[in-house]
Amino acid sequence: MDISNIVNTELLFKLELRHPATDEPLGIVFQLRSAASREAKAVQRKQNDANIERLQKRKMLKGAAAERQQLERVASYVAAWDWGDKTWHGEVPEYTTENVIKVLGEADWIYGQVVEAAEDVANFSKPSETGSPTPSE
């Protein structure tokens with residue numbers, strides 16, 4: 001059995017956001033990439049290159065910049081979203097990288113759900129031939 005294709009980090013996983021207190025579905029769906037996807041790794045490489053250049057110039061990364069980098073990294077996991085009839089600050093947010101960063105930065109509970117789903121390799125794995133459940137696609 002060839003196991004080289006069990007995980008497909010380029011699949012999109014449908015994450016339905018859940019209320020942080022009640023665990024009820026909110027009707028907001030994020031399409032997520034794997035944290036190991038090409039897109040996510042490209043963001044990480046770009047940030048690592050910038051950080052190495054900064055260190056070579058003997059400049060330290062400030063806290064706000066490190067926080068921004070983390071938000072950019074997690075935002076790279078979000079490929080699309082559908083808010084349905086739900087709003088954020090009174091508006092249905094348009095999908096842009098800056099809007100994703102804004103939402104993730106303001107709502108730790110959304111940030112946590114995105115990270116958890118994007119880092120769960122099972123969400124990007126094919127079912128085994130033994131009949132295990134099919135991952136969301």
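Just so you know, these numbers use all the heavy atoms, side chains as well, and skip hydrogens, waters and symmetry mates. For reference, positions follow the sequence shown, starting with 1.
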- Got a second to check how far Ile28's CD1 is from Gln113's CD, nearest 0.5 Å? 9.5 Å
- Going hydrophobic residue to hydrophobic residue with side-chain gaps under 4.5 angstrom, can you get from Leu71 over to Leu17? yes
- Regarding Arg54 and Asn51, is there a side-chain donor-to-acceptor distance under 3.5 Å anywhere? yes
- Query: Quick check: does any side chain N or O of Tyr95 sit under 3.5 Å from a backbone N or O of Ala79, one acting as donor and the other as acceptor?
  - Reply: yes
- Item | Neighbour count >12 (heavy atoms, 6.0 Å) for atom NZ, Lys41 | no
- Query: Do Leu32 and Val78 have side chains that get closer than 4.5 Å, going by heavy atoms?
  - Reply: yes
- Those residues at least two apart in sequence (or on a different chain) that pass salt bridge (charged side-chain N to carboxylate O under 4.0 Å, His left out) with Asp49 are none
- Give, for atom CD1 of Ile3 and atom CG of Asn5, the distance between the pair rounded to the nearest 0.5 Å. 9.5 Å
- Do you reckon Tyr111 sits in the same ILVMFWY cluster as Tyr77, going by side-chain contacts under 4.5 Å, direct or chained? yes
- Task: Looking only at non-hydrogen atoms, find the nearest pair between Ala40 and Ala35 and report the distance.
- Result: CB-O, 3.4 Å
- Note on the structure: Looking only at heavy atoms, the pair that brings Phe13 and Ala117 closest together is CE2-CB, 3.9 Å
- side chain to side chain donor-acceptor pair (under 3.5 Å) partners of Asp120, counting only residues at least two apart: none
- Ion pair check, Lys46 and Glu39, cut-off under 4.0 Å: no
- Provide the full list of ring pair (Phe, Tyr, Trp, His ring centres under 6.0 Å) pairs with a residue in residues 49-71, sequence neighbours left out, each pair given once. none
- Item | Path from Leu11 to Leu15 over hydrophobic side-chain contacts below 4.5 Å | yes
- Task: Group every Ile, Leu, Val, Met, Phe, Trp and Tyr by side-chain heavy-atom contacts under 4.5 Å, then state whether Val114 and Val29 land in the same group.
- Result: no
- Residues two or more places apart in sequence or in another chain: which of them pass salt bridge (charged side-chain N to carboxylate O under 4.0 Å, His left out) with Glu24? none
- Partners meeting side chain to side chain donor-acceptor pair (under 3.5 Å) with Glu119 (sequence neighbours left out): none
- Query: Distance-only, no hydrogens or angles: does the Trp81 side chain make a donor-acceptor pair with backbone N or O of Pro93 under 3.5 Å?
  - Reply: yes
- Polar side-chain atom of Glu16 near backbone of Pro25 as donor-acceptor pair, under 3.5 Å: no
- Tell me, do Arg33 and Leu12 make a side-chain contact under 4.5 Å, heavy atoms counted? yes
- Query: For Ser125 and Val7, which heavy atoms make the closest approach, and how far apart are they?
  - Reply: OG-CG2, 3.6 Å
- Look up atom CZ in Arg73 and atom CG in Leu104, then write down how far apart they are to the nearest 0.5 Å. 13.0 Å
- Message: Run the salt bridge (charged side-chain N to carboxylate O under 4.0 Å, His left out) test against Glu10 and tell me which residues pass, sequence neighbours left out.
- Response: Arg38
- Query: What residue among Ile101, Val100, Thr97 forms side chain to side chain contact (heavy atoms under 4.5 Å, CB included) with Glu72?
  - Reply: Ile101
- Task: May I ask whether Trp88 and Val74 are part of the same hydrophobic cluster, defined by side-chain heavy atoms of I, L, V, M, F, W, Y residues being less than 4.5 angstrom apart, directly or through others?
- Result: yes
